[in-house]
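Accompanying notes for the structure given below.
Lettering follows sequence order; numbering is per chain, from 1. Small disclaimer: the values here were computed from a predicted structure and weren't measured.
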There are 2 protein chains.
Amino acid sequence: MRSETLKGHLDALILSVVSIGPLHGYAIIEQLRLRSGGAMTLPEGTVYPALHRLEAAGLLSSYWSQTAGRRRRVYELTRRGERELGTRRAEWREFAHAVEAVLSPAEPSGPTAVPA
Amino acid sequence: MRSETLKGHLDALILSVVSIGPLHGYAIIEQLRLRSGGAMTLPEGTVYPALHRLEAAGLLSSYWSQTAGRRRRVYELTRRGERELGTRRAEWREFAHAVEAVLSPAEPSGPTAVPA
DNA sequence: CTTGACACCTAGCATTCCTATGCCTAGGAT
DNA sequence: ATCCTAGGCATAGGAATGCTAGGTGTCAAG
């Protein structure tokens, strides 16, 4: 998948997987891969900065957890994050429909192509 | 529509409208707006550089036309542009499905969530 | 003669994602 | 003992893209 393809949609994807339950960064990467059927195998250098960005924006909160000698930073949605997720999902749908409309082959469309 | 949303998909959209028939820049902007139902009202500063980029990449070719004292640069798809459009449409579909899969609410998914 | 639609162009900015690299632990293989 | 792999986090720097904001010019309507 071309790397620019993802741009602007990563935040929604992360918020969505975290909305299911608190997750740490590495697990988020794993979930994105699993749920996308392998299509989204994101490098850490993409996801970690995004998490920091989302936390700075107040959409995620985090805490450290210690498990078997391994430290993990666990993220969960804030109230604002939940609301934002709703907005983003709606925006995605709108965007996807718009792209679909433009991308699907169609007959030439003059100025009169959109009926009043 | 959030501006980052479009990133990485503009080329496909432009190729798609031009594939219907030769169009000049301004008309391309108009077609994108019409076909997207108004969702994509792109500023010229977005589209013109993109057209130059696509021409430089060999996906579009152009020529000047004079109509009623108005000069227009008309673009049409090259062979490579047609092929590229096909690729991009396929990529869009793959991407859209992947996002849909991640974005749609689902039950918690453990390591066993993907059956062999 | 001013406004608005038509039509093109570019510089510079902001944002985003990726590559590359570094650091650390645990557990199995050699 | 040593190495490798998986797990786990982090950052710097580069590349790409779209937008803002500005500029040029024609033509028709008021």
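The residue Ala50(B) sits apart from the nucleic acid: no heavy atom pair falls under 4.0 Å.
Evaluation of the salt bridge (Lys or Arg N to Asp or Glu O under 4.0 Å) rule for Glu100(A) yields Arg93(B) as partners, not counting sequence neighbours. Remark: Glu91(B) pairs with Arg2(A) by the salt bridge (Lys or Arg N to Asp or Glu O under 4.0 Å) rule, at least two apart or across chains. With sequence neighbours excluded, no residue forms a ring pair (Phe, Tyr, Trp, His ring centres under 6.0 Å) with Tyr26(A). Taking Ile29(A) as the reference, Glu44(A), Val47(A) meet the side chain to side chain contact (heavy atoms under 4.5 Å, CB included) condition, with sequence neighbours excluded. With sequence neighbours excluded, the residues satisfying side chain to side chain contact (heavy atoms under 4.5 Å, CB included) with Leu10(A) are Leu6(A), Ile14(A), Leu42(A), Thr46(A), Ala50(A). Partners of Arg70(B) according to the salt bridge (Lys or Arg N to Asp or Glu O under 4.0 Å) rule, which considers only residues two or more places apart in sequence or in another chain, do not exist here. Thr78(A) meets the side chain to side chain contact (heavy atoms under 4.5 Å, CB included) test with Ser61(A), Arg80(A); sequence neighbours excluded.
The distance from atom CD of Glu30(A) to atom CZ of Arg35(A), rounded to the nearest 0.5 Å, is 11.5 Å.
One interatomic measurement links the two molecules: CG of Leu10(B) to C1' of dT16(C), which rounds to 16 Å at whole-angstrom precision. Remark: P of dA6(D) and CD1 of Ile29(A) are 15 Å apart, rounded to the nearest angstrom. Atom CG of Leu6(A) and atom C1' of dT16(C) are 9 Å apart (whole Å). Taking atom CG on Leu42(B) and atom C1' on dT20(D), their separation rounds to 14 Å, with Å as the unit. Between the CD atom of Glu4(A) and the P atom of dG14(D) there is a distance of 18 Å, rounded to whole Å. Following rounding to the nearest Å, Gln66(A) (CD) and dC24(C) (P) show an atom-to-atom distance of 15 Å.
Near-neighbour residues of DNA chain D inside residues 85-96 of chain A, defined by a heavy atom below 4.0 Å, are absent.
The side chain of Arg2(A) contributes no N or O atom lying less than 4.0 Å from OP1 or OP2 of dA16(D).
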> In B/S/- notation, 5' to 3', how is nucleotides 4-12 of chain C contacted by protein heavy atoms closer than 4.0 Å?
Replying inline: -BBBBBB--
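Under a 3.5 Å cut-off, the side chain of Ser19(A) and the backbone N or O of Ser16(A) do form a donor-acceptor pair.
For dT15(C), the base has no donor-acceptor partner in the side chain of Lys7(A) [N/O atoms by modelled type, under 3.5 angstrom].
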